[in-house]
Each structure stands twice: as C-alpha cells, then as structure tokens.
There are 2 protein chains.
Amino acid sequence: MTKTKDQRADSVCPLPLNQILGGDCIQIMNSLPAGSVDLIFADPPYNLQLKGDLHRPDNSRVDAVDDHWDQFSSFAVYDAFTRDWLAAARRLLKPDGAIWVIGSYHNIFRVGAELQNQGFWIMNDVIWRKSNPMPNFRGKRLTNAHETLIWAAKSETSKYTFNYEALKSLNEGIQMRSDWVLPICNGGERLKDAAGDKAHPTQKPESLLHRVIVGTTSPGDVVLDPFFGTGTTGAVAKMLGRDYIGIEREEAYREVAARRLSRVRRFDADAIATTRAKRAEIRIPFGQVIERGMLRPGEELFSLGNRHKAKVRADGSLIGNDVKGSIHQVGAALEGAPSCNGWTYWHFRREGKMIPLDILRQQIRAEMEGDAPRPN
Amino acid sequence: MTKTKDQRADSVCPLPLNQILGGDCIQIMNSLPAGSVDLIFADPPYNLQLKGDLHRPDNSRVDAVDDHWDQFSSFAVYDAFTRDWLAAARRLLKPDGAIWVIGSYHNIFRVGAELQNQGFWIMNDVIWRKSNPMPNFRGKRLTNAHETLIWAAKSETSKYTFNYEALKSLNEGIQMRSDWVLPICNGGERLKDAAGDKAHPTQKPESLLHRVIVGTTSPGDVVLDPFFGTGTTGAVAKMLGRDYIGIEREEAYREVAARRLSRVRRFDADAIATTRAKRAEIRIPFGQVIERGMLRPGEELFSLGNRHKAKVRADGSLIGNDVKGSIHQVGAALEGAPSCNGWTYWHFRREGKMIPLDILRQQIRAEMEGDAPRPN
DNA sequence: GTATGCCGTGAATCAGGAG
DNA sequence: CCTCCTGATTCACGGCATA
C-alpha cells in the first residue's frame, strides 16, 4: 500500500512504504532518497558488556541479552557504528524531521554526544520509568528501573512536529512531562516463537511508541525504524495512520514482525484526529487507559443509564454527539451538568456487560502503587 | 577538625578537611594528594551557552554560539573542560572511590561519555524526578521534569561503597530504584542573599545529597565537591558525620556556604548509623558448631522442604546420598543448583521441631561479640 | 465462577575473601 | 596473578493450578 503523495518527482526511487527491508540498516538507509522521512525511531544495540551468568536468589538463571548483535569489541568500535548509522539516518530525514533514540547508561551517553556532534538539536531527554523492572538480584546496585530516550530535531532550525495539545490530552489536561511511567512489554503483547520463548529479547511496549508517534508525528507521516526487531514501531504507526519503513538484519525477527503487522488494523479517522482538551483534576490520566491498550481508539463508551454514547480517540479524548473533550467534559456536556466524573459516568462493554471506566483506573492504580505513594 | 587517619605518611600535604577552598577547581584538585578522597559529588556548569564564561585551553574566551560551526567548536571546548576536571577528580580518588555527576541533556551525554573514556565504571544512572518542576511555558517541548545523575566507580575493579540495606530501608523495605522522586529546593531550605533573592541559581535539595551520601559513603569518609556553590554537599556530609572538602571559584557563594555550614549540626552517632549488610558480619565456619558440641557427629540434618537428609561428620563436612562436602556443597548437589546457602538450607530436629542451622551461627556470633566487637 | 497461591520471568555491565 | 569456596540475594505481574 504505497502512497503516491510520498513518491515525489525528485526522488531517485520511490520510498518502500509499509515494508520491512532485510539487510544492514546503514547500507539500506544510504540507498533511500535523502530528505524523505518525517520521523526515525531507533532502538540500537545497547552494548551491554555482560560477563558471566546471573542467578536469581531462587537459583533460576536470568535469560540475558547475549545475542551476537549486541557484542562490540570496544567503545571505539561502538562509536564508529553509532556515527555511521546516525549519519545515514540524518541524511534520510526531511529538514523538519526528528529522531528518537532509546538506550541505557551503557550506550546512551555516547549516542547523545554523537547526536550533538552531528548537529541534531536535542528537544528533550525522556525517561521511561518502568513500573515493573527486573530487580537487582545481588543487591550490588540500584534497581535499574528506567531507560532513556532522546528526542532531537534534525537541526536547531527545524520546525519539528510537536502535538502539545494531544500529549496534554493524553495526560488528562496536564502538560506531558519528560518522565513516562509505563510497564514493560509482557503478557499477551509479548511475542513468542514456535517454542513458546520470547521472540525477541528486548521488545518495546506499544504504549511507549504510542506516545512517541502521537506526540511527534502527524497522520500520513513516514516513520522509519532502522532496528525494527519485532516491529513495534510499525505496528503502532499503522494503527495510528502513519506509514512505516522497517529495516531489520535478522530474518527471524522480520518474519515475526511481518506476521504481527498483517494482523494490525488501522484505527478509524475520527479516533486518530487529535483535539484540544482542557484541564482536569484527576490523578490517573485517562490516556493511560488508551496507551496501555485497555481500551482501543474507536471503541464506544456508554453513559450511566445508557442514554448517550461516545467514541474513544487516540489522544485520550472522547467524541460524542459533536462534543469533543475529556471523559469528564463530554459527560458534563451531554448531561447539561456543570461537571461530571467521567470515570464513574462512562462504561465500556465487555462480553455483554457494561463496566465503568473506574475499574480500569483501579487497575492502573494498583500497578502504580509501587511508584507514587512511596517516598521514593 | 582534621582527622589523623586521613593524614597518611605518604601524603605531600595534609587534606584540608571541612574547609571551603577558593579558586579554580582543576588547579586546586591537582595540588591535593592523589588517592585521598572517598567520594566526589560534582554539579558542573551545564551548558556553555548559558554560562558564557568558559575559556579555551589557551584562555581565549568562547564567543556566543549561533551557527553550526561554532556549536561544534563550543562542544569541543566544553569537552576539553570536562576532560580536565574529570582527570583531576580521578587522580584524587582512592582506588575504591566513586564519583557522582549531575546534569541535564545539555551536558550529561558528554560527561557520561568522557567518564567512560577515562575508565570510570558506571554503576547506575539515576533520574531525579522533580515532583514540582517548572512548566514549559511556551508549550514547545515536554516539561523538563528531571535531571540525570551518573554514579561511577573509579574503575571496573573498585570495591565501591554501596549501603544496600540503608537505601532499602529508606524506601520502606523495597530495594531502591534508579528513579528518585524528590521536590526541588525551595521554601526555607532555599538560601537567599541580602536582597532576598535566591543566592544561587541551581541550589540542589538536601534530600538528594542525603540519599547519595547515605547510599555510597561510610561515616568518616572524605567527600569532595569541586563545584561547591552554596555547599549542599558539605552541609549534608557534616550532618551525616562525613568530612567534606569544598572548592568554589565565586567568593559570594563561598561566603553563603561558610555561613550555612557554621550553622549545620552533626547528627548523633545513633542517628548516623545504618543497618549493616549481612555479608559484613564475621564468617563462622560450620566446623565450630561441631567443635562447640552444638551438633554431634552422626546427627542427621534435613533439607528445606524435608526432601533430603544428610549426616554430620566430625570434621564439619556432611555426607548425604553418596555426596560428601561442605554444608553448601552438599545442599547444592542435592538440589542440582549452582549454589546453596547451607546455613539456611539445612535443619536439625529438637523436640520434634525443625530448626535451621543459622540459629546456631547466630548464637556463636552473639557470644563472640562480647570478645571482639566489630566497629560498625 | 472465585479466591488463593505457586511458578515463571524481564536490556543486568550483579561477590569477595582465602590461599 | 590465579583458583577455590563460602554464602548473600528479588519486585511486579501474568498464567495456571488448586481449593
């Protein structure tokens, strides 16, 4: 499903939209037309430098990231690799394009410095605070409970895309901060291979990509991921009506990603459009319900008493009877009331039963109890 | 109050403990004896565009940054500055010493990369998540709601100090994570100048230093801060019974810090003492249990879960199911595990009840403490 | 069905002393 | 430097079996 609007006359060859390309990402990026991509999301090897085995206190062995693609012989080799793939990525970006890179303390400082050296302009560093990280089993360090993302425009003068209101709406009316609390990818979202083991050691959660793509792209944009893995970037891009290009060296990952993408459905246009939303007071943002996939964009909500309906949108706002806004605003408008607690007012349908949103909020609160109330 | 234990015979000059030194931190650090400091906490200038007072190695002043070439050249100057002060800091550290550096996305990637280049070994990067950050007024970026700290040992082989139990206790019994939620410094803690304005633009909260110093130093350690500012590092070090050395170029800040430190009182020893890790306790060989007659040769031991049995021998070894060896080796062999703590694994029977061996070890330890109490 | 509990597992630079 | 040996150490969540 290649889109004609992206096949510009000045392109050497058309962009291979919504495809997964096999091979070395530097070579492939250099073969694509310059200045043709809106956003790059990159999850490069972290260069973990693990030594021996690690066992949990119950003597079970930790299944570590020991794959060959994460092995580098020195910082110099890793730096050269970083320099090359970032230069290729920068060439591909449109002048107003931007890049996201995710990493840990093993590699992120080297990536960040090289981004600056090449003239990228850092907008924010963003902390993914994991609600359920793996503990430090030996008690020798702090629990490594976060990863770092860098969001950078192609240059200081780029007119980068930033959907301030959409992110604010996802955060229920409060400005989105630079620290994002999201669970790691497990459960049904975690892809398995034929043997039932994890298909990829470092699959990222869709909620993370949801926030990145909603916040820094527009519908129809081209999003490229040079380290595609199991295709989370492509899956979320497709759901949100963006075009993707995936590059992945390992055939096994490409196959998993292709199967995954064939099952992904685009949300409808109403759900994808982002809007303005105003301030709300409640602590748990309704947007998290969307990002975590507890409700899908486009799903219908029903009012208390079943007199009204509304549709969920990708940025965590509702649209119902020509009224747009937060779950509280739309509820209040439809009831002609000065205010409304959307959490108890709105219900969703599961197996024929109507369930109030507040159930979902309670679930999120239970998950987050490890974070917020503690004097951490 | 200079402590004699730190005045080693091989020192060129004694350490100026609990003083604030005026001048350039690189020169001053290079004048102090090498290998004499336990911990360095550094809050370097974040970004040369804002400071404008950075100089090239030849002492020429760096002009304002407005194009890509100057931007790159200013990064080079900042990198040279970082290289120099980190090298001076590294020379000062004891072999088992460590460093903390705090920064933002403007500078932290360059600092982190240089730390790795110089052979420091990163233990964790830590996110200070501000519970009350300044909003992004223009709505052009995410609210910059965090700062990044890097905790690194002097080298990969350093036996760094990490008070795991103390931090776990601070966190209500759950191991401390790498993301710390702490409010910014304001209210009564925020120091004011004579005009009533804030005395320093980036005063750090004492809560942050409290966690750093409790977690990665011992009482009596020497903590050096080469960018002392208003002396938060010194104030918390003094409260917690550590010695400090402050270096600060600006006289106005030195005066504020000196006044502040004169008012700080040390907590009493009981308050400063923290939970000791089990591995810091003296080692008791299992043979002592036999020698003291607490168990008799030939007595039977039972595994956790009662699935296995073994018999005690006169030399303090066990024999069970044709396996001979220490309490740990036999336990590991019977469980098919890579390792096993025999003290908690094996139980003996008294009056029908199963009692773990560890009870006997605790008795021996209690008796020995009357003889040779260990300093905490 | 519901409540309870056990088991598995996640990007991890995860030991230290004696001989 | 090496080897050997002791023995300390985990949080959140999903899935499944049991009661």
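These figures come from a predicted structure and were not determined experimentally. Heavy-atom basis, side chains included; hydrogens, waters and symmetry copies ignored. Labels below follow one simple rule: chain letters A, B, ... track the order of the sequence lines, proteins then strands, and each chain is numbered from 1.
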### Summary
Of the listed C:dT9, C:dT13, C:dA11, the closest approach to the A:S60 side chain comes from C:dT9
### Query
At under 4.0 Å between heavy atoms, what does A:T202 touch on the DNA or RNA strands: base, sugar-phosphate, or nothing?
base
### Pairwise P distance, C:dA12 and D:dT6 [rounded to whole Å]
30 Å
### Message
Once you apply a heavy-atom cut-off of 4.0 Å, does B:R361 come out as touching a base, just sugar-phosphate, or nothing?
### Response
sugar-phosphate
#### Entry: Touch class at under 4.0 angstrom, heavy-atom based, for A:D63 against every strand present
sugar-phosphate
### Task
Provide the distance between the two C1' atoms, one in C:dT13 and one in D:dA12, to the nearest whole Å.
23 Å
#### Entry: Position toward the 5' end of DNA chain C (nearest nucleotide), A:N186 or B:F120
A:N186
### Query
Which of these, A:T233, A:D43, A:T232, sits in a side chain to side chain donor-acceptor pair (under 3.5 Å) with A:K204?
A:D43
#### Entry: Selected nucleotide, minimal atom distance to A:R56 side chain, candidates C:dC14, C:dT9, C:dA11
C:dT9
### Message
Measuring to OP1 and OP2 of D:dT6, would you say a side-chain N or O of B:S326 lies under 4.0 angstrom away?
### Response
yes
### Message
At 4.0 Å (heavy atoms only), tell me whether A:N144 reaches a base, stays on the sugar-phosphate, or touches nothing.
### Response
sugar-phosphate
### Message
Counting the atoms with a prime plus P, OP1 and OP2 as sugar-phosphate, which does A:K51 contact under 4.0 Å by heavy atoms, base, sugar-phosphate, or nothing?
### Response
nothing
### Task
Select base, sugar-phosphate, or nothing to describe what A:T143 touches, counting heavy atoms under 4.0 Å on all strands.
nothing
#### Entry: Proximal nucleotide (of D:dG7, C:dA11, C:dC14) relative to the A:L48 side chain
C:dA11
### Query
Just to confirm, is there a sub-4.0 Å distance from OP1 or OP2 of D:dT10 to any side-chain nitrogen or oxygen of B:K168?
yes
### Query
Quick one: B:I174 CD1 to D:dT9 P, roughly how many Å, whole number?
17 Å
### Query
For B:I122, which contact category applies under a 4.0 Å heavy-atom criterion: base, sugar-phosphate, or nothing?
base
### Query
Taking atom C1' in both C:dG10 and D:dT10, what distance in whole Å separates the two?
12 Å
### Message
Can you tell me if B:H328 touches the phosphate of D:dT6, counting only side-chain N or O atoms and a distance under 4.0 Å to OP1 or OP2?
### Response
no
### Query
Looking across every strand, which nucleic acid part, if any, lies under 4.0 Å from A:P44 by heavy atom: base, sugar-phosphate, or nothing?
base
### Message
If you compare every side-chain N and O of B:R283 against the phosphate oxygens of D:dT6 (OP1, OP2), does one of them come in below 4.0 Å?
### Response
no
### Query
Looking at D:dT9, C:dT13, C:dA11, which one has an atom nearest to any side-chain atom of B:Y164?
D:dT9
### Summary
Closest of C:dG10, C:dA12, D:dG7 to the A:K198 side chain is C:dG10
### Sugar-phosphate, base or nothing in reach of B:C340, heavy atoms under 4.0 Å
base
### Task
Classify the nucleic acid contact of A:Q203 as base, sugar-phosphate or nothing, counting any heavy atom under 4.0 Å across all strands shown.
nothing
### Message
Given D:dT9, C:dG16, D:dG7, identify the nucleotide with an atom nearest to the side chain of A:K140.
### Response
C:dG16
### Query
What integer number of Å spans the C1' atoms of D:dG15 and C:dA11?
23 Å
### Query
Which nucleotide, D:dC5, C:dC14, C:dT13, lies nearest any side-chain atom of A:F137?
C:dC14
